[in-house]
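Letters go in sequence order (proteins before strands), and every chain restarts at 1.
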Amino acid sequence: MTNTKKDTDLDLTDPRQAKEYKLSQLLEKGINPYPAKFDRTHKAADIQAKYDSLENGEETTDVVRVAGRIMAMRNNGMFIDLVDATDKVQVFCHKDTMNEEALELLKLYDLGDIIGAEGTIRRTPRGELSVRVTSTVMLTKSLAPLPNKHEGLTDVETKYRQRYVDLIVNEESRDTLRARSKIIRFIRNYMDDMGTIEVETPNLQAIMGGASAKPFVTHHNALDSNFYLRVAPELALKRLIVGGLADGVYEIGRCFRNEGISMKHNPEFTSIEGYHAYYDYYDLMDLIEDLVRKTVEHIHGTTKITFGAQEIDFGQPWRRASMCDLIQEYTGLDFMAVETAQDAVELAKTKGVKLPDGTSWGAVVAEVFDERCEAKMIQPTHVMDMPVDVSPLAKIHRDDARLTERFETYINGWEIANAFSELNDPKIQGLRFDEQVELGKNGDEEAQMKDDDYVTALEYGLPPTGGWGMGLDRLVMLLTNSSNIRDVICFPTLKPLKEENEAPQNPQSISAPVVEAARSATDYQSVDEDARRFVIVVNGKEESTARLMNAIGHTMAGLAGDVATKQDFCFVDYQDADGGVHPSVSHYPVIVLKAKNSNKIKNIRDQAIEKNIAFTDFTDTMTIGKTQEQLAATQNQCGEELNYLGLCLFGDRDALSELTGKLSLYK
RNA sequence: GACCGCUUAGCUCAGCUGGUAGAGCAACUGACUUUUAAUCAGUAGGUCGAGGGUUCGGAUCCCUCAGCGGUCACCA
């Protein structure tokens with residue numbers, strides 16, 4: 001291949017183009033750079049184990065075939081580190097055992113390529129177990145250059161977005177995700193061994209419940225119904241206990257919560273929930289303690305682990321203390337001695353925990369615990385007897401009606417598990433749901449919905465049952481010394497990358513499909529009011545309310561006038577008691593939202609063009625004098641020079657929600 | 001959602017109070033070699049996240065935007 005490099009226009013000093021060039025050379029030689037099959041006799045770890053006792057310099061005649069990714073090449077390809085999923089093995093390519101053709105081939109190999117190699121086993125005089133190669137085969141030519149071999153890949157974004165690169169380069173990432181698999185496998189086996197059965201319950205739930213959290217909402221077209229992605233599988237699992245499917249059931253699966261992302265929170269995460277007939281919460285403490293302790297031992301071979309600077313001991317019997325006792329221990333405040341909610345709020349205030357008046361006794365206790373105690377629960381601790389008003393699904397405490405038979409297990413200051421003797425009195429459960437609904441009406445977005453069918457299930461009879469849930473991601477974090485939940489999730493939730501394609505440059509006030517729509521009115525009864533809507537976005541930077549109202553009016557009028565010609569838009573004449581007629585042009589909801597600034601509006605407008613959503617907009621150049629002057633003023637500006645006062649969109653509810661869902665209401 | 005910080009070569013990073021953009025690794029050419037982040041000599045590689053402003057002059061200062069990170073808020 002002498003001087004053949006001149007026959008290319010590629011810039012060979014660019015790593016990527018150099019790889020392309022080598023690919024073309026392979027093809028020219030008639031070599032398939034992506035063959036279907038290579039029969040390997042050993043994995044790297046097999047070889048390392050089998051020949052562990054080989055002395056330095058010792059050689060065998062055993063022929064092996066190995067395959068893996070080239071992670072290092074030394075001495076012009078004489079020494080190649082081949083890495084597979086099990087380990088690394090060095091392959092030794094020397095002219096003594098390779099013919100010229102085979103040696104030439106090496107020049108077309110790069111870091112990152114996946115190759116197969118055949119040869120005999122030897123340990124080099126310096127002690128590296130190697131395959132003395134007679135021939136190699138290209139198995140997969142890689143075209144993307146690998147990150148720096150010393151520093152690896154440290155850019156966090158790339159690490160999570162392109163996890164495959166992270167995994168190739170960073171052994172810790174591989175180890176962490178492998179440990180995750182091992183941990184979950186162990187827990188599953190433990191649950192199976194104790195006779196509970198694994199079940200799967202719906203991710204799509206018509207009624208949201210089982211935990212206090214904001215849900216994701218989605219829509220099923222054929223059923224024309226909204227569903228919530230479950231925030232917890234709890235209520236479904238207990239129905240199975242009612243049915244007597246088994247004395248114990250468990251589910252390992254995903255939960256979805258539409259909340260903030262942090263080092264400890266991912267919008268979708270994995271939990272295990274288990275329900276056991278005839279268990280109470282004491283039995284659950286024993287269960288969780290035993291399960292976690294054995295898992296730690298399985299992974300680390302000991303019950304003591306180090307997380308960051310903390311040493312955590314899972315071996316000792318775990319501390320069990322009531323929430324109020326712990327609060328007293330850490331703050332000196334005795335909430336059990338306080339009767340009313342107002343006194344509780346006052347008491348919390350003495351230690352600087354401020355809560356709005358009207359906060360219930362239990363909510364105060366829970367809040368004070370979160371603020372003042374939670375972070376101190378480093379060693380495994382069962383925090384028992386949570387207040388009844390923050391535990392709508394737990395059974396009332398056998399000794400104190402203000403409390404429930406519920407506990408949370410804390411480790412390293414994190415809540416790892418949550419468990420209780422299940423509330424199985426259908427009447428009380430109904431009342432608890434009503435309280436939640438009331439909270440929801442008062443603006444608590446996390447309040448649970450009333451699940452009438454669940455109450456019905458309880459009416460058939462749920463035996464005394466203990467139920468628990470554990471966040472597996474957090475457990476994996478603890479056992480792998482990971483401080484960020486993203487490290488233990490293969491593909492953590494990230495904001496999608498914005499597409500680079502620019503929106504059409506020609507401003508177009510009404511999209512074509514709308515204009516071309518048929519021009520006939522329809523009877524309002526045949527129209528689905530919920531399917532479409534108007535959304536008006538106004539500029540939050542504009543200080544003049546009058547100008548905003550003006551913008552709302554203009555955009556609305558412009559757009560309504562046009563979309564009114566669509567088939568499913570109709571006029572409705574409202575008649576009052578006196579027979580007076582009030583004609584209305586808008587049959588659909590109108591929602592007014594506030595955008596941060598003009599540029600945000602422009603973004604939405606660009607997307608609307610791209611998605612063919614009807615809109616009209618209103619810029620401040622349209623407020624100058626008469627139409628002629630407005631035209632002139634507008635013509636002098638484009639792009640971000642235009643200051644948008646408002647934008648009115650009309651279209652499919654979900655499509656609009658995608659565009660404007662993040663904006664807040666204009667008040 | 002609020003505040004703070006970051007964005008420079010394929011990768012990891014320097015670049016001070018404004019004055020012609022730097023290193024290591026990777027790549028390329030060659031030398032040498034039983035190496036372990038091999039070594040040596042040489043070559044090439046950048047619209048300094050985007051846009052605007054101040055200035056004779058901006059990677060550097062100011063503003064806007066985007067992405068990412070951190071802290072807090074929210075959150076079991």
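- We find that CG of A:Asp155 is positioned 15 Å from C1' of B:A9, with the value rounded to whole Å.
- In this entry B:C75 has no Watson-Crick or G-U wobble partner, no candidate having both defining distances under 3.5 Å.
- Side-chain proximity of A:Leu153 to B:C68, B:U34, B:C11: nearest is B:C11.
- When the nucleotides B:A66, B:G70, B:C68 are ranked by their closest atom to the side chain of A:Val156, B:C68 comes out on top.
- For the pair A:Asp110 and A:Asp96, nearest-nucleotide mapping onto RNA chain B gives the more 5' position to A:Asp110.
- Separating the OH atom of A:Tyr644 from the P atom of B:C65 is a distance of 16 Å, rounded to the nearest angstrom.
- Taking the C1' atom of each, B:A44 and B:C25 are spaced 15 Å apart, rounded to whole Å.
- Proximity of A:Ser262 to the phosphate of B:A73: no side-chain N or O atom is located under 4.0 Å from OP1 or OP2.
- In the set B:G24, B:G45, B:U34, the nucleotide with an atom closest to the side chain of A:Thr13 is B:G45.
- A:Arg254 contributes atom CZ, which lies 8.5 Å from atom CG of A:Asn203 (distance to the nearest 0.5 angstrom).
- Residue contacts shown for A:Arg122 include a base, since a base heavy atom lies under 4.0 Å away.
- Using atom C1' as the reference point in both B:U36 and B:A41, the two lie 23 Å apart (nearest Å).
- A gap of 14 Å separates the C1' atoms of B:G58 and B:U8, to the nearest Å.
- Side-chain atoms of A:Arg161 lie closest to B:C68 of the nucleotides B:A27, B:C68, B:U12.
- Checking each of A:Trp468, A:Phe420, A:Tyr410, A:Phe407 against A:His382 for a ring-ring contact (aromatic ring centres under 6.0 Å, His included) leaves exactly one that passes, namely A:Phe407.
- A distance of about 36 Å separates the C1' atoms of B:G24 and B:U55, rounded to the whole Å.
- Rounded to an integer number of Å, the gap from A:Asp87 CG to B:U36 P is 20 Å.
- Residue A:Met386 forms a side-chain contact (heavy atoms from CB on, under 4.5 Å) with just one option from A:His397, A:Glu405, A:Met323, and that option is A:Met323.
- Shown here, B:U64 forms a base pair with B:A50; the pair counts as Watson-Crick or G-U wobble because both key distances fall under 3.5 Å.
- The residue A:Asn258 sits apart from the nucleic acid: no heavy atom pair falls under 4.0 Å.
- For B:C28, the paired base is B:G42 (Watson-Crick or G-U wobble, both distances below 3.5 Å).
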Going through the distances and angles, do A:Lys141 and A:Asp110 end up as a salt bridge (Lys or Arg N to Asp or Glu O under 4.0 Å)? CA-CA 8 Å; A:Lys141 181 69 191 167; A:Asp110 286 302; 2.8 Å; yes
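- Residue side chain A:Asn75 reaches the base of B:U33 through a donor-acceptor N/O pair under 3.5 Å, judged by distance alone.
- Minimum atom distance to the side chain of A:Glu259 is reached by B:C75, of the listed B:A26, B:G70, B:C75.
- Rounded to an integer number of Å, the gap from CG of A:Asp370 to P of B:C72 is 14 Å.
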Assess the residue pair A:Glu59 and A:Arg132 against the criterion (salt bridge (Lys or Arg N to Asp or Glu O under 4.0 Å)); give the C-alpha distance rounded to whole Å, side-chain angles, the decisive distance to 0.1 Å, and a yes or no. CA-CA 9 Å; A:Glu59 198 145 358; A:Arg132 182 194 280 278; 2.6 Å; yes
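- For A:Arg69 and B:A26, the CZ to P distance is 18 Å, given to the nearest whole Å.
- One P atom belongs to B:U71, the other to B:G57, and the distance between them is 42 Å to the nearest Å.
- Nucleic acid contact class of A:Gln17 (heavy atoms, under 4.0 Å, all strands): none.
- Rounded to the nearest Å, the gap between the P atom of B:G10 and that of B:G45 is 12 Å.
- Residue contacts for A:Ala144: at a heavy-atom cut-off of 4.0 Å it reaches no nucleic acid atom on any strand shown.
- Within the nucleic acid shown, A:Arg123 has no heavy atom closer than 4.0 Å to any nucleic acid atom.
- Shown here, B:C16 forms no base pair; nothing in the strands shown gives a Watson-Crick or G-U wobble contact with both key distances under 3.5 Å.
- The side chain of A:Arg74 sits closest to B:A38 out of B:U12, B:A38, B:C32.
- Put simply, CE on A:Met71 is 12 Å from P on B:A38, counting in whole angstrom units.
- Looking at heavy-atom distances under 4.0 Å, A:Lys19 makes no contact with the nucleic acid at all.
- Look at CG on A:Asn603: it is 18 Å from P on B:A50, rounded to the nearest Å.
- For A:Arg163 against A:Ile489, the heavy-atom pair with the smallest separation is NH2-O, 2.7 Å.
- Note: A:Phe79 and A:Phe92 meet the aromatic proximity criterion, with ring centroids under 6.0 Å apart.
- With both ends at atom C1', the span from B:C62 to B:G1 equals 26 Å, rounded to whole Å.
- B:U36 is unpaired under the Watson-Crick or G-U wobble criterion, no partner having all donor-acceptor distances under 3.5 Å.
- With a cut-off of 3.5 Å on both Watson-Crick or G-U wobble distances, the partner of B:C3 is given as B:G70.
- Mapping A:Leu111 and A:Arg257 onto RNA chain B by nearest heavy atom places A:Leu111 at the nucleotide closer to the 5' end.
- As rounded to the nearest Å, B:G19 and B:U33 have C1' atoms that lie 47 Å from one another.
- Of the candidate nucleotides B:U34, B:C28, B:C74, B:U34 has the atom lying nearest to any side-chain atom of A:Arg132.
- Between B:U34, B:C11, B:A27, one nucleotide has an atom nearer to the side chain of A:Pro147 than all others, and that is B:C11.
- Using a 4.0 Å heavy-atom cutoff across all strands shown, A:Lys22 reaches sugar-phosphate atoms only and no base atom.
- Side chain of A:Asn76, nearest nucleotide from B:U33, B:U43, B:C11: B:U33.
- The distance from atom NZ of A:Lys159 to atom P of B:U12 is 12 Å, rounded to the nearest whole Å.
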side-chain hydrogen bond (donor to acceptor under 3.5 Å, both in side chains) between A:Asn412 and A:Arg474, worked out: CA-CA 10 Å; A:Asn412 195 41; A:Arg474 287 186 187 176; over 6 Å; no
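- For A:Thr124, counting side-chain heavy atoms from C-beta on, the closest listed nucleotide (B:G70, B:U43, B:U34) is B:U34.
- Counting heavy atoms from C-beta outward, A:Asp84 and A:Arg69 have side chains that stay 4.5 Å or more apart.
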